[in-house]
Amino acid sequence: MEGTDQNKIRNFCIIAHIDHGKSTLADRIIEHTGLLTSREMQAQVLDNMDLERERGITIKAQAVRTVYKAKDGEEYILNLIDTPGHVDFNYEVSRSLAACDGAILVVDAAQGVEAQTLANVYLALDHDLDVVPVINKIDLPSAEPERVKEEIEDVIGLEADDAPLISAKTGQNIEDVLEQIVKKIPAPAGDAHAPLQALIFDSVYDSYRGVIVFCRVMEGTIQKGTPILMMATGAKAEVVEVGYFGAGQFIPCGSLSAGMVGYITASLKNVKDTRVGDTVTNAAAPCSEPLPGYKKVNSMVYCGMYPADGAKYPDLRDALEKLQLNDAALQFEAETSAALGFGFRCGFLGLLHLEIIQERLEREYNLDLVTTAPSVIYKVHKTDGEIIDLTNPTNLPDPSEIEYMEEPIVKAEIMVTSEYIGAIMDLCQERRGVYESMEYIEEKRAVLHYRLPLNEIIYDFFDALKSRSRGYASFDYEIDGYERSELVKLDILINKEEVDALSFIIHSATAYERGRKMCEKLKGEIPRQLFEIPIQAAIGSKIIARETVKAMRKDVLAKCYGGDISRKKKLLEKQKEGKKRMRQVGNVEIPQRAFMSVLKLDEN
Amino acid sequence: MGGKRKRRLELYLHIPFCVKKCAYCDFLSAPADEEMRQRYVDALCLEIYGYRRERHHVYKAGDSARLQPRFSFEGTFHDAYEVDSIFLGGGTPSILEGRQIRQIFTALWEAFDISPQAEITIEANPGTVTREKLAAWREVGIGRVSIGLQSASDEELRILGRIHTYGQFEETYRAVREAGFDNVNVDLISAIPGQDVESWRRTLEKVAAFSPEHISAYSLIVEEGTPFYEYFKEAGTCISDAHETVQPVGGDASVMPGGNADKAGGCAGFIMPALPSEEDEREMYHLTGRVLSSYGYHQYEISNYAKEGYACRHNLGYWERREYLGIGLGAASLIGHTRFKNTSDLETYLENMQNARTPLSAENADEVENLTPADEMAEFLFLGLRKTRGISTREFAENFGRDIGEVYEKPLRKLENGGWLKREGDRVLLTERGMDVSNMVFVEFLEPEV
């Protein structure tokens with residue numbers, strides 16, 4: 001990289017609504033610039049994890065450097081930084097954007113501008129990025145590129161007249177995109193001789209090399225041996241290696257100077273020391289102040305995670321520790337539940353983050369998990385003036401000690417075609433949303449602005465939104481502070497015993513309905529046993545709903561002759577195994593899946 | 001033998017042939033032609049002769065890859081055991097010709113020391129019994145005939161996939177009596193699809209009026225691998241995997257899925273009625289006890305009823321964990337502390353017996369299982385408690401050298417307090433409620449504290 005002309009570097013990202021073809025375009029660019037032949041390419045190089053490929057979303061930021069020989073005859077270095085694609089990871093997105101000088105906006109030629117498109121464009125514009133629109137999927141029969149161009153101009157206010165019309169799938173007109181990157185996105189600014197200032201936009205843990213820090217050098221130069229300081233966390237280390245990103249591999253180089261994107265290794269043992277958004281400087285000659293925008297991300301959603309087999313508790317701890325090495329946003333601490341035994345209370349950025357961690361634990365670490373209902377952080381104001389951040393409903397103080405409670409609220413933007421406005425307003429109403437405003441962005445499409453309690457959207461709001469709008473609504477939100485709310489703790493009693501893992505906090509207006517549904521659902525999940533089992537929902541000492549699991553009437557092996565006793569015994573043993581997979585609460589055996597089933601009450 | 005008392009042995013002989021497979025049957029049985037049946041009878045006799053030859057150290061000691069079996073006896077079976085019962089089960093043993101039965105018994109009498117008082121039973125299905133066969137049975141010493149009727153309703157017989165009518169049963173029954181058999185069992189099945197409590201009552205009363213010495217009345221179990229399983233699985237019926245009871249389908253009739261028509265008896269478009277509800281099924285079960293007791297039968301096991309002195313000794317042997325030797329395809333044995341099975345593959349079986357390879361050699365046996373004391377304690381409980389008189393705590397102590405109250409302290413307390421078990425003097429037995437949910441009771445005894 002030595003001697004690279006700063007003017008021949010382009011640092012950019014691709015932003016898009018989910019499914020509009022971001023990753024496919026990234027692949028095509030990599031392929032077109034010859035970094036990999038198409039035979040070497042596995043579909044979507046940048047999404048490393050199976051999970052990312054399956055879900056079609058990017059979870060961790062990735063970067064890749066390619067060389068493009070432009071029509072002007074010059075060779076340009078293109079650094080593509082792939083950003084996570086979900087609202088849960090908004091902060092990471094913003095840091096990735098900060099590492100770029102421009103963004104390609106991919107818009108689906110059939111679907112047009114969506115809520116996330118808007119949110120991402122605004123985020124990019126906030127970071128002073130030059131946004132280059134690209135219209136993708138022109139190979140689709142339903143493509144209407146001219147209409148979408150107009151929409152981009154009308155709705156977003158971006159010049160779209162010369163937007164490349166491409167098909168990332170077939171590779172059509174990819175060259176046009178590359179040319180526009182070179183022409184429209186500015187070369188990076190910065191002085192290679194100034195004090196070092198590098199922005200961390202991600203980091204990964206490697207068991208041989210320790211933490212590998214992904215960064216964009218804004219000012220100065222970094223090389224092997226540079227003593228570095230992370231300005232926010234205060235961690236110090238000496239650089240062992242610097243380099244840039246090949247396709248799926250790290251390529252060492254001599255130094256990284258202003259304008260360059262690359263990686264640093266420095267025998268750092270913990271990603272907690274290398275927080276996304278932090279500034280790396282030279283400890284011997286530090287810059288005067290860190291780059292703006294750093295904040296420590298906080299978990300928004302919590303749940304209890306328990307191994308289905310209690311003996312796997314240490315395995316679960318190991319797995320969480322390993323995941324945390326790569327995911328500073330994942331938090332966990334040990335907790336115990338009378339019903340579920342030893343486990344962990346885990347904190348996540350959002351529900352998607354939760355689901356991803358859960359799936360990775362199950363797939364990559366082969367763990368069977370029982371997960372309790374997700375909860376947000378409630379602020380409990382006690383009569384003695386103390387304020388508690390409540391992440392586990394079980395820890396709610398006695399009502400007599402509570403002055404009042406607050407819950408987190410989000411600002412939501414929902415983009416929807418006009419025929420579904422009514423249905424979506426109903427949904428928001430049901431979820432305790434407060435209408436703020438609505439604007440038409442074109443004749444048939446509107447953006448609804450609502451304030452919604454976070455705990456109303458962490459379960460299944462997105463699914464409900466999709467089903468009520470036949471998939472036409474899109475949704476984005478940001479946290480907007482706390483508000484006082486009439487919240488109660490809903491407890492479930494099985495055979496008169498409270499099952500802590502099933503308790504949760506809920507607004508008093510919806511508690512009855514939810515309590516009733518939970519009892520109904522549990523009735524279907526708890527198998528008949530030797531005695532009758534009442535299932536009750538209660539708020540404090542008041543029972544608000546009840547169902548009964550009738551006693552088992554019959555469980556007989558009628559026929560037991562022919563001498564094949566081993567077979568009969570196997571049947572009984574199987575039955576016993578089934579019992580072992582259940583959780584014993586008092587005298588009652590509750591199947592693991594019962595704990596999970598109450599998370600999906602709205603399924604019909 | 002120097003006056004040493006012989007051990008007692010029960011013999012089971014499996015005849016894996018039938019005219020046509022019933023829709024609920026999961027036993028090792030299939031139709032076969034006369035040539036195959038004869039080959040099988042020849043192999044069966046070779047196996048029987050094999051036991052005359054086998055001496056002690058039956059399992060070869062050097063075979064380290066296998067479990068070492070935990071039984072041994074001096075000399076041959078003939079030397080060590082006296083046979084107390086023989087049971088020819090199937091399948092449909094009555095499908096065999098008289099001469100084939102004679103052939104089998106010639107071998108049996110030669111290979112085993114059969115007590116003159118032995119209870120010798122053959123299973124027979126209406127439609128397969130002739131006077132010639134009956135005469136042969138008498139001649140070889142068979143004293144007990146078990147007739148598979150299942151239902152007195154022709155409609156229900158058709159649903160079960162039986163080959164006979166109720167009328168044919170009456171003919172068979174009379175022929176059996178006329179041939180001189182004074183110990184007859186009739187097998188019945190309750191909870192047949194479409195059956196209601198009244199229909200079951202009619203079956204019970206019709207049969208009891210004939211006054212057979214013994215009646216077995218089983219609740220239908222929908223077993224995996226049977227056409228019934230396919231119907232009721234496809235109909236969305238919940239078939240619990242652990243204990244194979246079937247939940248009701250709410251009175252809906254389920255049309256047999258077309259794809260399975262051939263497998264299920266070749267009657268495409270046939271409407272399969274729903275299974276009785278769990279409540280009706282229990283009502284039928286409780287009715288059985290009441291009706292049969294009014295005809296002078298007493299219940300001695302979950303599904304078995306007999307006139308005084310006619311309880312089936314052979315089946316009691318299983319529940320009391322006496323030693324038994326299973327002869328024939330897939331037959332199971334308990335000898336000493338070892339359970340094992342004969343091969344279930346017909347061709348392998350025929351070949352093994354041609355080469356004198358009985359399952360007493362570990363390499364020819366399937367599912368060899370050496371029972372630990374804990375296994376035997378569990379079996380003692382879950383088999384013994386099937387009997388209405390339950391188990392004897394004294395016998396438990398004699399067999400295992402342990403006090404049952406110590407080994408099973410928790411389950412006994414839990415189940416007695418809950419009203420599923422009760423004590424009568426030395427004995428522990430199921431209550432009526434306990435009998436309804438006996439599997440759940442038995443499960444509690446699988447892991448003794450040894």
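Just so it is clear: chains get the letters A, B, ... in the order the sequence lines come, proteins before strands, and each one is counted from 1.
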Open item on the list: I'd like to verify something: which residue of B/Val437, B/Asp375, B/Asn304 has the highest number of heavy-atom pairs under 4.5 Å with chain A?
Closed with: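 Most heavy-atom pairs under 4.5 Å with chain A: B/Val437.
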Open item on the list: Do B/Thr288 and B/Trp200 pair up side chain to side chain, a donor and an acceptor below 3.5 Å, judged on atom types alone?
Closed with: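 Looking only at side-chain atoms, B/Trp200 and B/Thr288 do form a donor-acceptor pair, the distance falling under 3.5 Å.
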TODO: Please check if any side-chain donor atom of B/Gln195 sits under 3.5 Å from a side-chain acceptor atom of B/Asp280, or the reverse.
DONE: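 There is no such pair between these side chains.
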Open item on the list: In this structure, is the centre-to-centre distance between the rings of A/Tyr306 and A/Phe342 below 6.0 Å?
Closed with: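 Aromatic pair excluded; centres sit 6.0 Å or further apart.
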Open item on the list: In this structure, is the centre-to-centre distance between the rings of B/Tyr408 and B/Phe445 below 6.0 Å?
Closed with: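 Between B/Phe445 and B/Tyr408, the centre distance is under 6.0 Å.
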TODO: Please flag which part of A/Glu577 lies under 4.5 Å from any non-hydrogen atom of chain B: side chain, backbone, both or neither.
DONE: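 The answer is neither part of A/Glu577.
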- [ ] Let me know if B/Glu10 has heavy atoms under 4.5 Å from chain A in its side chain, its backbone, both or neither.
- [x]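 No part of B/Glu10 comes within 4.5 Å of chain A.
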